[in-house]
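Data block below; observations after.
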Amino acid sequence: MGMSAPETSFALVDCDQFYVSCERLFNPHLCGKPVVVLSNNDGCAISRSPEAKALGVQMAAPWFLMQDLAKKHGIIALSSNYQLYASMSNKCMAVLREYSPRVEVYSIDESFLLLDGLSPLWPDMTTMGHDIRRKVQTWVGLPVGVGIGPTKTLAKLANHLAKKRPVYKGVCDLQSMAPDEAEQIYASLPAGEVWGVGYRITEQLGRMRIHTVQDLRNASQKSLRQQFGVRMERTLAELHGISCIPLEDVASARKQIVSSRAYGERVTALKEIEESVTMYAARTTERLRRQRSTCAAVHVFVETDRFRTDEPQYNNGRTVPLPEPTDDLRVITKAAMWGLKKVFRLGIKYKKAGLMLMELSEGGRHQGTLFDSGVSEMSSAPLMQALDAINQRFGKDTLRLASGLGQHRWTARFDMVSQRYTTNWNELPLAR
DNA sequence: TCTGGGGTCCTAGGACCC
DNA sequence: TCTGGGGTCCTAGGACCC
């Protein structure tokens, strides 16, 4: 009798075209039509409906280049609404936590679930996968795919199969397959589909005649390690079912916090850049406090338009050490303004500016007032519209949507009986 | 003429992820 | 005219130390 190794198992649950799916939930007229969600300044398409993908809209495609295509096929383009997506994401994650006590929220639309010890609860894990799909669809209204495997890398790959190959109907469990069946699938997948194998490495692998996932699995561990480093070595082990990337279900504090934005129009005046950097200081400091950290250095940077290759480029940044670790907005803003003056040059057309909080440490001293500028005066109109749409769609008595705006938590409530909105503004408990 | 060996810390750059 | 924003980790090389 052979002892079977205690095998660990992961699921990756990921929402299809997350941003577009959220928008469709609030506006069902968008269903079945080509839809894209755009990035800041309506720059790039960052989420595409299947219909838009079929028309050839690529991920991160510059939207101004798609105008003809959009007009011709009636592609609907929407500006992004992150507060809404974050809210929907939380709802999804709450459903997933009913399936496993160990959930790692990997991104706004993806979670890893540790499945160890759960198999007695289900006839098989594919059944569980379909149950997850059904429940998220019913309770939250969003379509998800489920991939299952003995490592996170294989669960990711399985998730890709679940979404791309109709035969799986949205759930793919690599662990339920016979080894030769799995190998056939690996031989049909390009190596670039593997988590951690990006554009550059795919190119290099191609030159080594490594084209498919199966080719990669058959490659020599030593030579991969030598050419690509320890991360690739780990990826290889994971492809062989040896789990070496653990579940991180305790969210760790950020090591750096960035806020930056490209300007809609190019900017030449210091004053305007100062205004935006003041905003970035407030945003980053809020996040800093939310995770109860302090920072010991502030990095401010400015850039010209990198796409205007016909014009001279200027990229500069300055790291300003702080006298002591702090989360005081006044100190951080002051340091940022000082650094900005050091990198600002007259006569340059700036396209982008940003701020990074560095050398973060957890705990530490929290002091001062968090907000002294007008960041909280964001428009609540889009949120109101969204709330309206949710109510129309679900017809419930009341629905609540909370959002952090500046130093306040804003909660809107819609009462279907009285047909009235009520809003609450609460002080956000950031400082201890 | 000859020009060690071992260690740490820091930074820039590269690659990846969503 | 118009091209996103926010992260992580690893490595190589230089400075510096004894």
Side-chain angles (χ1 to χ4, degrees), chain A residues 12-19 36-48 57-68 70 77-82 85-86 89 104-112 152-153 156 159-160 191-205 224-235 238 244-245 248 251-266 276 279-280 283-284 287-288 291 296-297 299 301 303-311 315 317 319 321 349 351-360:
Chain A
L12 179 70
V13 184
D14 149 303
C15 184
D16 309 329
Q17 318 94 42
F18 181 58
Y19 297 166
V36 298
V37 172
L38 303 176
S39 64
N40 172 45
N41 291 330
D42 292 344
C44 298
I46 51 173
S47 183
R48 308 155 292 152
V57 180
Q58 300 292 312
M59 185 59 182
W63 190 239
F64 76 93
L65 294 176
M66 304 269 111
Q67 291 309 301
D68 291 345
L78 306 168
S79 298
S80 44
N81 184 349
Y82 287 100
Y85 309 149
S89 175
E104 171 186 344
V105 178
Y106 178 66
S107 75
I108 193 162
D109 71 332
E110 275 178 78
S111 271
F112 286 104
K152 284 166 106 177
T153 302
K156 264 273 201 189
N159 180 275
H160 172 80
E193 290 300 337
V194 174
W195 192 36
V197 179
Y199 170 73
R200 304 274 165 179
I201 290 178
T202 304
E203 271 189 346
Q204 292 186 61
L205 288 174
L224 284 183
R225 163 76 201 239
Q226 205 164 29
Q227 180 155 5
F228 301 103
V230 65
R231 294 163 72 103
M232 182 58 106
E233 192 181 25
R234 269 202 290 262
T235 296
E238 290 243 320
C244 38
I245 304 174
E248 289 170 39
S252 48
R254 294 270 162 271
K255 295 172 178 172
Q256 58 185 45
I257 297 173
V258 183
S259 183
S260 69
R261 209 70 55 191
Y263 297 117
E265 285 170 20
R266 288 186 293 169
S276 55
M279 282 236 306
Y280 307 151
R283 283 192 198 133
T284 51
R287 278 186 265 159
L288 182 75
Q291 69 169 33
H299 182 80
F301 60 92
E303 291 173 12
T304 45
D305 190 342
R306 64 194 168 100
F307 294 102
R308 292 297 298 265
T309 46
D310 54 321
E311 290 184 1
N315 299 312
T319 305
K349 296 175 186 163
K351 179 65 182 177
K352 184 177 182 177
L355 186 73
M356 190 190 318
L357 305 187
M358 304 169 70
E359 293 176 46
L360 271 45

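Scope of the values below: all heavy atoms of this structure, side chains included, with no hydrogens, waters or symmetry mates. The chains referred to below are lettered A, B, ... by the order of the sequence lines, with proteins before strands, and numbering in each begins at 1.
The aromatic rings of A/Tyr19 and A/Tyr85 lie parallel to each other, their planes meeting at an angle below 30°, with 60° marking the opposite boundary.
Summary of the strand contacts: A/Ser259 and A/Asp305 both lie near DNA chain C, and taking for each the nucleotide with the nearest heavy atom, the more 5' one is attributed to A/Asp305. Place A/Arg254 and A/Tyr82 on DNA chain C by their nearest nucleotides, and A/Tyr82 ends up nearer the 5' end.
A/Glu110 is listed as a side-chain neighbour of A/Leu12, based on a closest heavy-atom distance under 4.5 Å. Looking at A/Glu303 and A/Ser260, their side chains never come closer than 4.5 Å, going by heavy atoms from C-beta outward. Looking at heavy atoms from C-beta onward, A/Phe228 lies in side-chain contact with A/Leu205 at the 4.5 angstrom threshold.
In a base pair of the Watson-Crick type (N1 to N3 plus N6-O4 or O6-N4) or a G-U wobble (N1-O2 and O6-N3), with each distance short of 3.5 Å, C/dT8 is matched with B/dA15.
Between the side chain of A/Asn41 and the backbone N or O of A/Ala262, at least one donor-acceptor pair lies under 3.5 Å.
Residue contacts for A/Arg234: at a heavy-atom cut-off of 4.0 Å it reaches the sugar-phosphate backbone alone, with no base atom in range.
Following rounding to the nearest Å, A/Arg308 (CZ) and C/dT3 (P) show an atom-to-atom distance of 10 Å. Rounding to whole angstrom units, NZ of residue A/Lys255 and C1' of B/dC10 are separated by 16 Å. Rounded to an integer number of Å, the gap from A/Gln227 CD to C/dA12 P is 13 Å. The nearest whole Å value for the distance from the CD atom in A/Glu303 to the P atom in C/dT3 is 13 Å. Rounded to an integer number of Å, the gap from CE of A/Met356 to C1' of B/dT11 is 13 Å. Rounded to a whole Å, the CD atom of A/Gln256 is 13 Å from the P atom of B/dA12. The nearest whole Å value for the distance from the CD atom in A/Gln67 to the P atom in C/dT1 is 14 Å. Atoms CD (A/Glu265) and C1' (C/dC2) sit 11 Å apart, rounded to a whole Å.
Here C/dC2 is the nucleotide among C/dC2, C/dG5, C/dC10 with the atom lying nearest to any side-chain atom of A/Lys351. If you check C/dC10, C/dG6, C/dC2 against the side chain of A/Arg287, the one that comes closest is C/dG6. In this structure, of C/dT3, C/dG7, C/dG4, it is C/dG4 that holds the atom nearest to the side chain of A/Asn40. In the set C/dG4, C/dT3, C/dG6, C/dT3 carries the atom at the smallest distance from any side-chain atom of A/Phe64.
We find that A/Lys351 and A/Glu311 are not joined by a salt bridge, their nearest charged nitrogen and carboxylate oxygen being 4.0 Å or further apart.
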Evaluate side-chain contact (heavy atoms from CB on, under 4.5 Å) for A/Thr153 paired with A/Lys156, printing each intermediate quantity in order.
-> CA-CA 5 Å; A/Thr153 302; A/Lys156 264 273 201 189; 5.6 Å; no
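A sub-4.0 Å separation between OP1 or OP2 of C/dG6 and a side-chain N or O of A/Ser260 is present. Contact annotation: A/Arg283 does not reach the phosphate of C/dG5 (side-chain N/O to OP1 or OP2, under 4.0 Å).
Here CE of A/Met59 is found 6.5 Å from CZ of A/Arg48. Values are rounded to the nearest 0.5 Å.
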Can you pull every protein N or O that's under 3.5 Å from an N or O on nucleotides 14-18 of chain B?
{"from": "B/dC16", "atom 1": "OP1", "to": "A/Gly198", "atom 2": "N", "distance (Å)": "3.0"}
{"from": "B/dC16", "atom 1": "OP1", "to": "A/Gly198", "atom 2": "O", "distance (Å)": "3.2"}
{"from": "B/dC16", "atom 1": "OP1", "to": "A/Arg200", "atom 2": "N", "distance (Å)": "3.3"}
{"from": "B/dC16", "atom 1": "OP1", "to": "A/Ile201", "atom 2": "N", "distance (Å)": "2.8"}
{"from": "B/dC16", "atom 1": "OP2", "to": "A/Arg200", "atom 2": "N", "distance (Å)": "3.3"}
{"from": "B/dC17", "atom 1": "OP1", "to": "A/Gly196", "atom 2": "N", "distance (Å)": "3.0"}
{"from": "B/dC18", "atom 1": "OP1", "to": "A/Lys156", "atom 2": "NZ", "distance (Å)": "2.6"}
{"from": "B/dC18", "atom 1": "O3'", "to": "A/Ser107", "atom 2": "OG", "distance (Å)": "3.0"}
{"from": "B/dC18", "atom 1": "O3'", "to": "A/Asp109", "atom 2": "OD1", "distance (Å)": "3.3"}
{"from": "B/dC18", "atom 1": "O3'", "to": "A/Glu110", "atom 2": "OE2", "distance (Å)": "2.9"}

